[in-house]
Amino acid sequence: MAAPEATTALAPTPRRRWVPRIALSQELVLFLAIVALFVVVGAINPRFVAERNLQSIFLGNAYIAVAAIGMSMVIISGNIDISVGSLIGVLATVSGTLAVAGVPIVLSWVIPVLLSIAFTTTMGAMVAYLRIPSIVVSLGFLSILKGGLIVVTGGAWINALPEGFHLAQMKPFGIPMPIYFMVILTIAAALWMRLSATGRSIYAVGGNAEAARLSGISRERTVVKVFAIHGFFVGIAALLYATQLAIIQSTVPPNLELTIITASVVGGVSILGGTGTVVGSTLAAVLLAAIGSSLIFINVSPYWLRAVQGVLILVTVLADMWRRMRQARGRGR
Amino acid sequence: MSDTTAPRMRLTVTHELVLLIALFVSLAVLSVTAERFMSVGNLLNQGRLMTEVALVALPMTFIIITAGIDLSVGSMFGLSAIMLGVFWHNLGVPLPAAMALAMLVGTAAGFFNGLLITRLRVPPLIMTLATLALYRGLAEGISQARSVRGYPEWFFVLGQGEMFGVPTQLWILVVAIIIFWIVLTRTTFGRSLYAIGHNETAARYSAIKVDRIKLIIYSLSGFMSGLAGVIFVSRVSTTRSDMGTGLELDVIAAVVLGGTSIFGGVGTIAGTVLGFTLIQLLKNGLALTGVKGDATIVVIGTVLILSILITNFLQHRRGGDG
């Protein structure tokens with residue numbers, strides 16, 4: 001599916017198209033935006049680039065980047081999962097509860113990830129085989145998980161977590177654990193999406209389900225696989241979220257699903273399906289976190305944060321639409 | 001009652017019928033289990049509580065029928081509420097004018113959604129996701145999370161008062177339901193919505209002004225969110241920037257529960273009315289039987305998924321391709 005598109009796009013004016021292609025790559029734009037933000041805000045207020053603040057930006061938000069990897073795959077396949085915030089809340093609570101109950105720590109890390117995969121696979125199966133739109137399935141599960149969590153735990157906080165549970169606070173070779181997870185998982189997922197047959201089939205199903213079917217790709221099986229893999233990333237994200245603080249609040253972090261979807265979208269994943277990369281979504285998660293933190297350092301009321309995020313999504317989407325229109329015009333007639 | 005009609009109705013099992021049965025079953029069960037449930041006072045009060053979601057669910061039905069979606073309703077609701085306070089309290093605009101201006105802000109917000117969706121072909125899901133953040137951000141930024149109180153007594157008639165023994169906003173809701181029902185079933189505009197949802201390209205070739213219709217329904221969604229926001233302020237006597245957070249999910253749940261297909265082309269106002277009524281009754285009934293509020297969310301989520309499953313199942317059995 002990718003090959004014919006590339007040739008038709010390149011055929012008419014190969015020389016003029018090459019430069020803007022590179023210049024407008026979403027990943028590059030995001031990367032430059034991050035650099036620019038750190039340079040400018042750092043110049044205004046050096047404390048912004050102090051190690052402590054950088055740590056809080058990267059550590060506190062690595063789990064969002066990890067969750068956004070799975071979310072990006074789901075969106076590229078033409079689906080969406082709005083239950084992800086609730087799921088992370090539930091899994092974090094499960095993990096903490098197991099650890100406090102005296103279960104071996106490794107198990108209290110692994111079990112939530114397995115639960116997550118089982119859960120999202122079920123969701124994927126409902127989307128694929130029962131043909132319920134993913135937005136409806138995940139809306140239903142959002143309510144079930146969110147309500148269920150508070151009913152079961154009563155919103156109680158989990159503290160007195162055992163020694164050695166706090167995975168996200170560990171620093172092998174002086175680098176915090178969440179950074180390893182964020183970087184390694186992003187690279188692994190990016191390579192997998194690019195090189196593996198399943199990875200390519202996700203793009204195919206999201207880009208043109210009928211064409212994918214005709215070329216022998218099972219939409220159903222691909223969707224279930226995407227959701228299963230998404231579950232793995234959600235599980236890891238929940239783990240990082242659960243182990244970064246001394247206390248686990250057994251509630252669902254507010255608006256978490258929107259933050260994660262925003263990272264995917266700003267990272268260049270088209271909600272129309274079929275395009276986008278996980279590198280972009282990770283960069284976007286970092287950018288969003290850095291913007292949130294920078295407001296404080298340039299004396300802007302944090303109450304404007306959401307407005308800034310909204311403008312950012314809007315700008316990204318408009319740039320994407322503009323690019324598509326230009327491409328369509330250049331290709332069409 | 002449903003027993004006697006069941007054999008003949010089998011061929012025309014609709015989502016609305018499934019819902020109606022569910023509604024009667026829950027009414028029957030709840031009236032037995034919860035004593036205070038089946039009283040006029042309680043039911044009218046439930047009507048009061050569901051009005052905001054209901055008012056927004058009506059235009060949402062239109063939008064989802066065209067295969068669109070509007071995630072920004074909760075934020076437009078909150079932004080309108082905040083602007084009501086800003087116009088009246090900070091800028092000294094007379095309250096009636098401030099109410100009109102607040103609804104105008106909602107309409108403008110919806111219009112902006114519609115403009116970018118139609119002119120730049122931004123997918124509705126993503127456009128309204130962006131403005132979900134943007135409008136909420138504006139509400140938070142403009143208000144700096146300060147609340148506005150001290151509205152005059154007459155203003156509370158809208159949200160807390162009664163007319164002929166029925167909550168004021170319930171009258172507004174009834175009128176709105178009738179208007180939306182007539183528009184959807186009896187006008188070219190309404191029928192065009194189905195055409196757009198079924199096949200937008202075909203609708204365009206049939207000389208349906210697709211873009212203008214979309215612009216209208218997204219603006220309408222903004223207007224109704226603004227109206228609901230003003231009513232909500234009147235009901236709770238204060239303005240806060242986090243008002244209506246998560247409203248979009250309640251509204252979409254009600255509409256989808258009502259049988260409107262998220263794929264577009266299918267849906268009725270009757271279904272939506274049944275959808276939000278059922279949700280409110282479940283919430284209230286379960287609360288009265290001693291179930292905590294959070295458990296009701298679980299029930300609603302389950303009902304949502306089950307109702308879609310049951311309808312899918314029935315349609316498959318009929319051999320339809322729903």
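Throughout, protein chains are lettered first and strands after them, A, B, ... in sequence-line order, and every chain is numbered starting at 1. Both backbone and side-chain heavy atoms feed into the values below; hydrogens, waters and symmetry mates do not.
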Could you tell me which portion of Ile252(B) (side chain, backbone, both or neither) has an atom closer than 4.5 angstrom to a non-hydrogen atom of chain A? both

Is it the side chain or the backbone of Leu312(A) that comes within 4.5 Å of chain B heavy atoms, both, or neither? neither

Does some side-chain heavy atom of Leu71(B) sit less than 4.5 Å from a side-chain heavy atom of Leu258(A)? no

Non-hydrogen atoms of Val298(B) and Gly147(A) that approach each other most closely: CG2-C, 3.5 Å

Closest approach of Gly301(B) to Ser143(A) (non-hydrogen atoms, all atoms of both residues): CA-CB, 3.8 Å

Report which part of Leu257(B) has an atom under 4.5 Å of a heavy atom belonging to chain A: side chain, backbone, both, or neither. neither

Between the CD1 atom in Ile80(A) and the CG atom in Leu129(B), the distance rounded to the nearest 0.5 Å is 7.0 Å

Nearest 0.5 angstrom please: Ile261(A) CD1 to Leu125(B) CG, how far? 7.5 Å

Heavy atoms of Phe263(B) and Arg131(A) approach each other most closely as CE1-O, 4.3 Å

Side-chain heavy-atom pair Ile313(A), Leu134(B) within 4.5 angstrom cut-off: no

Using a 6.0 Å cut-off, check whether atom CZ of Arg146(B) has over 12 heavy atoms from anything other than its own residue. no

Minimum side-chain heavy-atom gap Phe141(A)-Thr302(B) below 4.5 Å: no

Distance in Å, Thr262(A) OG1 paired with Leu132(B) CG, rounded so as to fall on 0.5 Å steps: 8.0 Å

Side-chain heavy-atom pair Ile135(A), Val256(B) within 4.5 angstrom cut-off: no

Looking at Lys214(B), I want to see if its NZ is surrounded by more than 12 non-hydrogen atoms of other residues, nucleotides or ligands under 6.0 Å. yes

Most contacts with chain A, counted as non-hydrogen pairs under 4.5 angstrom, among Ile142(B), Leu306(B), Thr131(B): Ile142(B)

I'd like to know which of Ala139(B), Gly141(B), Ser143(B) tops the heavy-atom pair count under 4.5 Å against chain A. Gly141(B)

Out of Gln144(B), Glu140(B), Met127(B), which one racks up the most heavy-atom pairs below 4.5 Å with chain A? Gln144(B)

Assess the residue pair Leu138(B) and Tyr303(A) against the criterion (side chain to side chain contact (heavy atoms under 4.5 Å, CB included)); give the C-alpha distance rounded to whole Å, side-chain angles, the decisive distance to 0.1 Å, and a yes or no. CA-CA 9 Å; Leu138(B) 287 177; Tyr303(A) 288 119; over 6 Å; no

Could you look at Leu314(A) and say if it's the side chain, the backbone, both or neither that has a heavy atom under 4.5 Å from chain B? both

Heavy-atom closest contact (Ala133(B) atom, Gly310(A) atom, distance): CB-CA, 3.8 Å

Could you tell me which portion of Leu142(A) (side chain, backbone, both or neither) has an atom closer than 4.5 angstrom to a non-hydrogen atom of chain B? side chain

